Enquirer: 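Below is a structure I'd like to ask you about.
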Amino acid sequence: AIFSCLKGAFGSSAKARLCGHSITASYGEMCYHDNSLVSASLEALIQHLVPTVDYYPDVAPKLVQLLTEWTETFPYDFRDERMMRCLKDMTLQVARGDEYSWRAMQQMTQRLIKRLSALGQYEEAVAALNAVAQERPASLKSKQTSAQRSDILSVCDDPFILAQQLTHIELDRLSFIGPEEFIQSFAMKDPLENHKGFFRKRKTSNLEAYVNWFNRLSFLVATEICMPVKKKHRARIIEFFIDVAQECFNIGNFNSLMAIITGMNMSPVARLKKTWNKVNTDKFEILEHQMDPSSNFSNYRTALRGATQRSETAHSSQEKIVIPFFSLLIKDIYFLNEGCANRLPNGHINFEKLWELAKQVSEFLVWRQVICPFDRDRRILQYLVTTPVFTEDELHLASYESEGPENNMEKDRTSLLTRYIWTP
Ligand SMILES: *[C@@H]1O[C@H](CO)[C@@H](O)[C@H](O)[C@H]1NC(C)=O
């Protein structure tokens, strides 16, 4: 995080200095290639920030610039009161310098506090919604009475509208993920992190909330399909979700698309052969092909590049939407982080790796800030985030009730599940 900020605040001055004489020669600890920093020792980096005879930057504005970039890009670093105290101290230091910097620091702090309180409210709202979704009304427990639970088609039967509402949820939740959460979620054993304990207890809860949403959507899709008593009705719901998935693809909402495909491929849904026989699966097969994991998701990566290009030249905010298949994004960043060392054998910090990480996370930051252009439908949104969904066992049981167990393994499983779930 800090080095990404350093780049913003000091990158250009480093280059300017390089033009005159070679940094590598002057410090022996900073390596450049084509004017960009490849690696450096921590000492040299710090040295680089210290004024010299022929280089004495005006410190206060640089400090304000650095802190502004830091607080705007990584506001969650400042949820720690010790960080806030440091910030306050620095504000006082800078205030001694000049009026202009002092005012800039005040504004920056206000923006930061506003952002952090919005974050707190968001987290409370997600917790409250999850609590509602966890309530398990009796109506879910048995198919006979499940007619009481409204189903997705009674709430929304227009695939495009549903895809729009899914996109709202995706963008809402994406917008609260801090870029540092990617790194924190697997950086605990980072050797660079010698300030142990300082950042240790921080959560990556918004990232987790987003991953949970993906799982919820998959289970919701499976629940909606397994619940109806009539085969015709189940087939209609499958067809509806295929259309929703198609609309998600068109919008550039790859995360909802993948969650829907995942729900359709869960074994309680996939085993409903008689139901699937009534469905035209041509469209679904094309979508599955798009998201096919083989060759390292090459089809999906091509589609994602296409959506990214559309986004870069967009004329409307709808064209700007790119919502990546998030689990894969995390996996890519994870392997990038694991695959290269933070420090080179000579002890230098490996800037090439950090640039690459920064590139991936920055791309995400651009996608994250798109404002969803569609009208919100409160009722549909409420349904999507709070309606109870079956657990895995309940899904299996509902599925066996729809189409009886076909082999001994399924029969054994049914009787086991019946004993443990159905009996009050
Ligand atoms: C898959 O592709 C991504 C993006 O091109 C790349 O970063 C990653 O290393 C690849 N993974 C494998 C296992 O090839």
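Just so it is clear, the structure is predicted and the values come from calculations on it, not from any experiment. As the structure lists them, so they are numbered: ligands from 1, and atoms in each ligand from 1.
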Enquirer: Inspect the surroundings of NE2 in H289 and state if more than 12 heavy atoms from other residues, nucleotides or ligands are less than 6.0 Å away.
Expert: no
Enquirer: In terms of ring plane angle, is the pair F176 and Y122 parallel, tilted or perpendicular, where the classes change at 30° and 60°?
Expert: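 Parallel: the ring planes of F176 and Y122 meet at under 30°.
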Enquirer: Taking the six-membered ring for Trp, are F374 and F160 parallel (under 30°), tilted (30 to 60°) or perpendicular (over 60°)?
Expert: perpendicular
Enquirer: Any protein heavy atom lying closer than 4.0 Å to atom 7 (O) of ligand 1?
Expert: no
Enquirer: For a side chain to side chain donor-acceptor pair (under 3.5 Å) with R271, tell me which candidate from E410, E406, E403 qualifies.
Expert: E410
Enquirer: If you have a sec, work out which protein heavy atom is nearest atom 4 (C) of ligand 1 and how many Å separate them, to one decimal?
Expert: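 Minimum-distance protein heavy atom for atom 4 (C) of ligand 1 reads R301 NH1, 3.4 Å.
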Enquirer: Return the residue, atom name and 0.1 Å-rounded distance of the protein heavy atom closest to atom 11 (N) of ligand 1.
Expert: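 Going atom by atom, the protein heavy atom closest to atom 11 (N) of ligand 1 ends up being N296 ND2, 2.9 Å.
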